[in-house]
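Just so it is clear: chains get the letters A, B, ... in the order the sequence lines come, proteins before strands, and each one is counted from 1. In this text the structure is predicted, and so the values were computed from the model without any measurement.
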Amino acid sequence: MTDKNTAATSSDSSQNELHGPLIVDVLANSKPGDSLELKGWVRSKRESKAGIAFVALHDGSCFDALQIVIDATLENYADVQALSAGCAISVEGKLVESEGKGQTIEMQASSVTVIGWVEDPETYPIAKKRHTFEYLRSVAHLRPRTNAFGAISRVRSVLSSAVHRYYHERHFHWVNTPLITTSDCEGAGELFRVSTLDMVNTPRMPDGSVDFGKDFFGAEAFLTVSGQLNVESYAMALSRVYTFGPTFRAENSNTSRHLAEFWMIEPEVAFADLNDNAALAEDFLKYLFNAVLNECEDDMAFFAQRVDKDAIVRLEQMQNAEFERMDYTDAIKILENCKKSFEFPVSWGADLQSEHERYLTEEHVGRPVVLMNYPKQIKAFYMRLNDDEKTVAAMDVLAPGIGEIIGGSQREERLDYLDKRLVEQGLDTHLDWYRDLRRYGTAPHAGFGLGFERLVNYVTGMENIRDAIPFPRVPRSAPF
RNA sequence: UCCCCGGUAGCUCAGUCGGUAGAGCAAAUGACUGUUAAUCAUUGGGUCGGCGGUUCAAGUCCGUCCCGGGGAGCCA
């Protein structure tokens, strides 16, 4: 489809040829005296009836709006007077140094064209006032027009780009694992069924059970809960790989940290052990934080001012701090010996509760903690059994304020050990293809999963994961 | 799924002892020659989440359902 004659390939500023410059370009590159045309939406309008109107024009390309100064002598000034928040307009004019205090540069308009009116300013859901995040969730199709959701969107996009850049620079290859799977044992959570069967007249087997052989894939199918098993097969050929895509869990989880549809990043590295895995997780997170600090200065300043005053400091301090690495067994000792009284008991062999994780990362250490080597009975079948035969080479990265942000492990590469775990978990009749990876040139390998929305929240200081994804899907709610 | 809290104007909330509703913001209109969440004045705006019950009378009390928030479990 590429064509050397298209405009996009004939210029080094191709983005500008779509419809004139964006405000981000103007603020970075233009100077007083330049004439240009801008298109965007009205954030606010202040006017002095006797002769002048100020419109804050926003196009989402950056945090800032550009102030447009409009003289009453303009022939369609009545239109300008009728503008309200949300109107789409096109403005031609000349950049001038601002006489006002809030900005250094502004545009003196020579013409203003209204592209789209707001039909009823009083009921426009994004009125020129503060709104709660809770309310904005109910107008998720309009909330990107606010400062906060504009900023979240740009940070999310920059993070996503940095994820790919980080791995690309280190010769990891992006593998697009399937979203539909017929294996019901990927090891995490409840699954969403994918089916084209008639739910009213369902085909049945003689014993009355559903005949999934007649279903679209000829077998029971689900939305994936993880791309890990699939991406392991590519790690066993391309050495360094990662997935980055949507994931689905049909858990009835009603918390500020869970979504039914979320994005996950899962690197998988051949010939790596658990320590390599922990080092990768730490280096990766630091790279992402650094990217946001460098590329989203204005957006981060907004979060620090309006959402979480520590938003920037937290990421800056991370650059120098080593993540604390701690064995599960040592963590249990710390929890048992600390004076704090917990609601749930602490004992070796039990999974840590939220309150325990929070104590470790927030109070005991005060920065991210990598917890390693968990009891095998509380972890998944694919995690590598340690020499003590009691623990597996698993790790969780816990972050202050957000809890588990990464979960990963060194994988069991020895077929006999893997088979033993599969039998223990009653999965031995499945996953022959996964066993093949251990039969043909097996090798140590390790990887982890990073919840992308949890990362977005950690970076921005936002508290509810429903605000970290454009259109959140949670139990009993998938509007838009 | 469990435990708490909530649902009243476009938004955020108040509403006393049960007696048919109020504020701020937003909006509209007007005033002001440079505003910055402009300011000042005026005006309009209500199925009090749904259903049922108690009562002469319910926003208010009772039951139930729905929706939202916080926390827990599960996890990323």
Side-chain angles (χ1 to χ4, degrees), chain A residues 43-56 64-73 81-82 84-86 96-103 106 108 118 120-139 142 146-147 187-190 225-228 246-266 281 306 343-344 351-355 357-358 378-380 396-399 402-408 448-458 463-469 474-477 479:
Chain A
R43 266 298 167 80
S44 72
K45 183 200 65 180
R46 302 173 288 276
E47 77 184 282
S48 162
K49 275 290 185 313
I52 199 162
F54 302 91
V55 166
D64 284 327
L66 185 71
Q67 173 157 283
I68 312 295
V69 184
I70 302 160
D71 210 83
T73 55
Q81 290 181 295
S84 60
V96 294
E97 282 178 33
S98 180
E99 294 173 35
K101 286 207 175 81
Q103 58 285 314
E106 65 192 17
Q108 182 70 48
V118 166
D120 178 5
E122 184 174 9
T123 57
Y124 177 55
I126 312 294
K128 187 177 67 174
K129 72 183 289 286
R130 287 220 182 154
H131 296 286
T132 60
F133 293 134
E134 185 179 335
Y135 164 70
L136 289 170
R137 263 167 239 151
S138 72
V139 286
L142 300 172
T146 63
N147 279 331
E190 297 289 312
V225 296
S226 163
Q228 179 202 315
T247 306
F248 309 87
R249 306 266 167 99
E251 304 280 337
N252 190 11
S253 298
N254 294 288
T255 79
S256 56
R257 302 182 309 283
H258 291 86
L259 292 164
E261 176 182 277
F262 64 100
W263 285 57
M264 191 154 60
I265 299 151
E266 297 176 287
R306 290 287 176 79
E343 191 186 336
F344 294 92
D351 215 346
L352 297 179
Q353 306 292 312
S354 287
E355 56 176 345
E357 297 183 345
R358 228 179 300 126
I378 58 172
K379 289 293 178 182
D396 283 355
V397 179
L398 311 177
I402 200 153
E404 183 181 337
I405 192 169
I406 281 178
F448 60 79
L450 168 63
F452 191 52
E453 285 74 21
R454 288 184 182 178
L455 175 72
V456 170
N457 273 12
Y458 185 74
E463 290 183 345
N464 195 310
I465 201 160
R466 295 164 195 207
D467 298 327
I469 190 167
V474 297
R476 296 188 311 283
S477 176

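Separating the CG atom of N254(A) from the C1' atom of C2(B) is a distance of 10 Å, rounded to the nearest angstrom. Atom CZ in F344(A) sits roughly 12 Å away from atom C1' in C74(B) (whole-Å rounding). One can place CG of L352(A) at 15 Å from C1' of C74(B), the figure rounded to the nearest angstrom. Taking atom CD1 of I465(A) as the reference point, atom C1' of C75(B) lies 10 Å away to the nearest angstrom. Rounded to an integer number of Å, the gap from OH of Y135(A) to P of G10(B) is 10 Å. Note: CD (E190(A)) to C1' (U1(B)) measures 12 Å, nearest angstrom. Following rounding to the nearest Å, K129(A) (NZ) and A37(B) (C1') show an atom-to-atom distance of 11 Å. Going from atom NZ of K128(A) over to atom P of G24(B) covers 18 Å, rounded to whole Å.
An OP1 or OP2 oxygen of G73(B) is reached within less than 4.0 angstrom by a side-chain nitrogen or oxygen of S354(A). Within the structure, a side-chain polar atom (N or O) of S256(A) is placed less than 4.0 Å from OP1 or OP2 of G71(B). An OP1 or OP2 oxygen of A37(B) is reached within less than 4.0 angstrom by no side-chain nitrogen or oxygen of R43(A). The shortest distance between the side-chain N/O atoms of R358(A) and the OP1/OP2 oxygens of A72(B) is below 4.0 Å. Between A72(B) and Q353(A), no contact under 4.0 Å exists linking OP1 or OP2 to a side-chain N or O. Remark: R476(A) is in phosphate contact with C67(B), judged by side-chain N or O atoms under 4.0 Å from OP1 or OP2. Between R46(A) and A37(B) there is no side-chain N or O to OP1 or OP2 distance below 4.0 Å. Side-chain N/O atoms of S253(A) include none lying less than 4.0 angstrom from OP1 or OP2 on C74(B).
Map E463(A) and W263(A) each onto its nearest nucleotide of RNA chain B; the residue landing nearer the 5' end is E463(A).
Taking 90° from 0 as the syn/anti boundary, the base of U20(B) is oriented syn.
Side-chain to base pairing of H258(A) with C75(B): one donor and one acceptor N or O lie within less than 3.5 Å of each other. Within 3.5 Å, no donor on the side chain of Q103(A) pairs with an acceptor on the base of G34(B), nor the reverse.
Closest contact between the side chain of T132(A) and the listed nucleotides A27(B), G70(B), U12(B) involves U12(B). The listed nucleotides are U35(B), A72(B), G10(B); the one nearest the side chain of Q67(A) is U35(B).
With E251(A) contributing its side chain and E190(A) its backbone, the two residues share a donor-acceptor pair below 3.5 Å. Side-chain atoms of R137(A) do not come within 3.5 Å of backbone N or O of D467(A) as any donor-acceptor pair. A donor-acceptor contact shorter than 3.5 Å links the side chain of E355(A) to the backbone of F344(A).
In this structure, L455(A) reaches neither bases nor backbone, as no heavy-atom distance under 4.0 Å exists between it and the strands shown. Residue-level contact check: R257(A) touches the bases, meaning some heavy atom is under 4.0 Å from a base atom. Among the heavy atoms of the strands lying under 4.0 Å from F262(A) is at least one base atom, whether or not backbone atoms are also near. Among the atoms of the strands shown, base atoms are found under 4.0 Å from some heavy atom of S98(A). Nucleic acid contact for I406(A): sugar-phosphate only, since backbone atoms but no base atoms lie under 4.0 Å from a heavy atom of the residue. If you check every strand for non-hydrogen atoms under 4.0 Å, E134(A) touches sugar and phosphate atoms only. Here G100(A) lies in heavy-atom contact (under 4.0 Å) with a base. Residue T247(A) is classed as having no contact, given no heavy-atom separation below 4.0 Å to the nucleic acid.
In E463(A), the CD atom is not crowded: 12 or fewer heavy atoms of neighbouring residues, nucleotides or ligands sit closer than 6.0 Å.
In this structure the side chain of T255(A) never reaches within 4.5 angstrom of the side chain of I465(A), judged on heavy atoms. Residues R466(A) and F133(A) are not in side-chain contact: their nearest non-hydrogen atoms beyond the backbone lie 4.5 Å or more apart.
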For RNA chain B, produce a single dot-bracket line, 5' to 3'. Pairs: Watson-Crick or G-U wobble, both distances under 3.5 Å. Symbols: ( ) within strand, [ ] crossing, | other strand, . unpaired. (((((((..((((.....[..)))).(((((.......))))).....(((((..]....))))))))))))....
